[in-house]
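Quick caveat: nothing in here was measured; it's all calculated off a predicted structure.
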Amino acid sequence: MTHPNVAIAELEQQISAVQWPQLDRKHLTYADIAPVMDELAGHAALRVTHIGASYLGTPIRRLTLGNGPLVVLAWTQMHGDEPTATAAVLDWLQLLLTQQLSGLPNDWQQLLTLHVVPMLNPDGAAQRTRQNAQGIDINRDALARQSPEGRLLWQQVQSLQPTLAFNLHDQNPYYAVGNSAEPATVAFLAPAYHPDKHVDSARLQAKQMIAHMRQMLSHWLPGGIARYDDSYSERSFGDNIAGTGASTILIESGAHRQDPHRQVARRMNVIALQVALEALFTDAHRNYTLADYYAIPANTADGFCDIKICQVTIDDGTHAPFQTDICLSREKGDELLRVEFIGDARGIHGFTEYDARQQQLPELINIGDDATELVASLKPVQAGL
């Protein structure tokens, strides 16, 4: 029998061989992925279905492999400014179409049907916004279904009746793993389908799958995997899809040091998706318990900032000087460094940190100020993104 570490190393090599290099970008639009989908469509085993269009008329496609009774559905870029998993699922399809994968039975396509909807929100992707062209957050439209994209997703769930559903997103770069100094490069959730957070057999399977994926990914990210709080969200698609009986898994791609295009999270997504697919045939996830799921550290908001200036002295000439930390962040689409926090920043980690104990500022600095010039005068004590 092949040792699990050998198999996972082989899988990583295969993924590296099939990654689409043109998708190594900070952001992806429909124009970026359309040629890749067209090339994938050239494979006889892949079926392409135009399931509808966005609010502004951009086509939304579903890519399908296999014909079996087990049904897996994955969708990406429901939020237009969250592109990492879009590249990952296109890599995953190329992997399945072109590689001999030791973890799958030879007849897997007769046993399982895989459906992938890359870029559910192409209008938001074009505008680089979370929302669609109506200004609607599609992921909060599961009940009202006023967005055409949300209606399409719900139609797919109702018609396909997936056994396993992957809701794939990006999270902001400032999440940490628990109270550690590690960024949450991947965060998981098995969403609740009821305010009481019941665990039925489908949700149990989702939690076991996540524990299994976490264990496999820990080979590369021993400290970089977190777990979202599972408070019930009535309007969200993941929670509602979990209510249909699908084992629903949220995967959030996060930051990694010195990885501005999130290529580490991209690769981790492919590995996670593939080991989950393999587990459907081997039942490898059945070896994990609810305790294994809850042992994954919490996904901690505001655990990071782009730059942390530590213990700078501020002396405005009128009041007594004081020492403080200053946290800076970059807004999306804005290369300026803005002041996000002033005060005791213990527990907040900077992707780049500056020891400013010998630095003095002659005037007060305010939340929202541009601190680009200030940073230029400092020397980092920690390499950053």
Side-chain angles (χ1 to χ4, degrees), residues 1-2 4 6-8 10-15 17-20 36-51 60-76 85-86 88-118 120 152-153 155-168 201-206 208-210 212-213 216 241-242 244-249 251 269-288:
M1 177 181 288
T2 303
V6 174
I8 207 79
E10 177 187 351
L11 175 60
E12 185 188 28
Q13 291 175 350
Q14 291 174 307
I15 292 169
V18 302
Q19 279 188 317
W20 300 94
V36 173
M37 290 192 289
D38 290 341
E39 188 167 338
L40 286 169
H43 291 272
L46 188 79
R47 305 188 299 282
V48 180
T49 306
H50 288 262
I51 59 174
I60 297 175
R61 303 191 224 181
R62 187 185 75 211
L63 311 181
T64 301
L65 269 175
N67 299 281
L70 282 172
V71 177
V72 178
L73 173 64
W75 63 95
T76 76
T86 299
V89 295
L90 295 172
D91 293 339
W92 188 31
L93 289 170
Q94 180 76 333
L95 177 79
L96 291 167
L97 286 163
T98 65
Q99 302 294 304
Q100 288 293 115
L101 298 164
S102 59
L104 291 176
N106 292 333
D107 61 345
W108 74 268
Q109 291 191 45
Q110 282 71 57
L111 304 173
L112 180 143
T113 306
L114 170 64
H115 301 284
V116 176
V117 181
L120 184 67
L152 280 175
L153 177 57
Q155 288 164 8
Q156 294 304 298
V157 172
Q158 294 297 301
S159 63
L160 301 174
Q161 299 184 9
T163 308
L164 184 60
F166 288 103
N167 186 9
L168 304 172
S201 60
R203 192 167 184 231
L204 173 61
Q205 176 169 260
Q208 291 174 310
M209 279 284 189
I210 287 170
H212 176 55
M213 290 187 286
M216 295 299 102
I241 292 170
T244 68
S247 293
T248 305
I249 295 173
I251 305 179
N269 267 262
V270 183
I271 294 170
L273 292 166
Q274 182 60 23
V275 299
L277 195 70
E278 294 172 3
L280 286 174
F281 299 107
T282 64
D283 283 337
H285 59 293
R286 303 295 182 191
N287 297 321
Y288 297 88

*Can you tell me if S247 uses its side chain to pair, donor with acceptor, with the backbone of R203 under 3.5 Å?*
no
*Sorted by first residue and then second, give each salt bridge (Lys or Arg N to Asp or Glu O under 4.0 Å) pair with at least one member in residues 62-71; sequence neighbours left out.*
none
*Partners meeting side-chain hydrogen bond (donor to acceptor under 3.5 Å, both in side chains) with N287 (sequence neighbours left out)*: none
*Would you say L101 and Q14 make side-chain contact, with heavy atoms under 4.5 Å?*
yes
*Scan for side-chain hydrogen bond (donor to acceptor under 3.5 Å, both in side chains) pairs involving residues 39-48, sequence neighbours excluded, and state none if there are none.*
R47-N67
*Could you tell me which residues satisfy salt bridge (charged side-chain N to carboxylate O under 4.0 Å, His left out) with R61, sequence neighbours excluded, listed by chain and number?*
D38
_Validation row: M37, V48 side chains within 4.5 angstrom (heavy atoms)_ = no
*Return the minimal non-hydrogen interatomic distance between M213 and A272, and the atom names on each side.*
SD-O, 3.2 Å
*To the nearest 0.5 Å, how far apart are NE2 in H115 and OG1 in T49?*
8.5 Å
*Where P118 and L63 come nearest, the two heavy atoms and their spacing*: CG-CD1, 4.0 Å
*Check side-chain hydrogen bond (donor to acceptor under 3.5 Å, both in side chains) between E12 and all other residues, then give those that pass, not counting sequence neighbours.*
W220, R267
_Checking Q109 now: which residues fulfil side chain to side chain contact (heavy atoms under 4.5 Å, CB included) with it, not counting sequence neighbours?_
A45, L65
*So which heavy atom on L120 is nearest to which on I60, and how close?*
O-CD1, 3.4 Å
*asked:* I need the L152 CG to W75 CH2 distance, nearest 0.5 Å.
replied: 13.5 Å
_Nearest 0.5 Å, please: how far is CD in Q156 from CD1 in I51?_
4.0 Å
*Name all pairs fulfilling the salt bridge (Lys or Arg N to Asp or Glu O under 4.0 Å) condition that reach into residues 269-279, sequence neighbours left out, sorted by first residue then second.*
none
*Can you list the residues that meet the side-chain hydrogen bond (donor to acceptor under 3.5 Å, both in side chains) rule with T86, with sequence neighbours excluded?*
T76, Q77
Report, one line per pair, each donor and acceptor closer than 3.5 Å where one atom sits in a side chain of residues 92-99; sequence neighbours left out.
| from | atom 1 | to | atom 2 | distance (Å) |
| --- | --- | --- | --- | --- |
| W92 | NE1 | Q274 | OE1 | 2.9 |
| T98 | OG1 | Q94 | O | 2.7 |

*Applying the side chain to side chain contact (heavy atoms under 4.5 Å, CB included) test to V116, which of L90, L273, V89 qualifies?*
V89
*If you measure from OG1 on T64 to CG on L46, what distance do you get to the nearest 0.5 Å?*
7.0 Å
*Rounded to the nearest 0.5 Å, how far does CG of L104 lie from CG of L112?*
8.5 Å
*Nearest non-hydrogen partners of G245 and A202, listed with the distance*: O-CB, 3.3 Å
*What are the two closest heavy atoms between Q110 and P69, and how far apart are they?*
O-CD, 3.9 Å
*Under the side-chain hydrogen bond (donor to acceptor under 3.5 Å, both in side chains) rule, collect the residues that match up with D91, sequence neighbours excluded.*
R266
*Contacts of N106 that satisfy side chain to side chain contact (heavy atoms under 4.5 Å, CB included) - sequence neighbours left out*: none
*Go through the steps for H212 and V275 under the test side-chain contact (heavy atoms from CB on, under 4.5 Å), then give the verdict.*
CA-CA 8 Å; H212 176 55; V275 299; 4.3 Å; yes
*Under 4.5 Å between any side-chain heavy atoms of L280 and M209, yes or no?*
yes
_Taking salt bridge (charged side-chain N to carboxylate O under 4.0 Å, His left out) as the definition, give me every residue that meets it alongside D283, ordered by chain and number, with sequence neighbours left out._
R286
*Looking only at non-hydrogen atoms, find the nearest pair between V270 and A88 and report the distance.*
CG2-O, 3.4 Å
*Verify the neighbour count for atom CD of Q158: are there more than 12 heavy atoms of other residues, nucleotides or ligands below 6.0 Å?*
yes
*Quick one: pull up CD1 in I271 and CG in L11 and give me the separation to the nearest 0.5 Å.*
5.5 Å
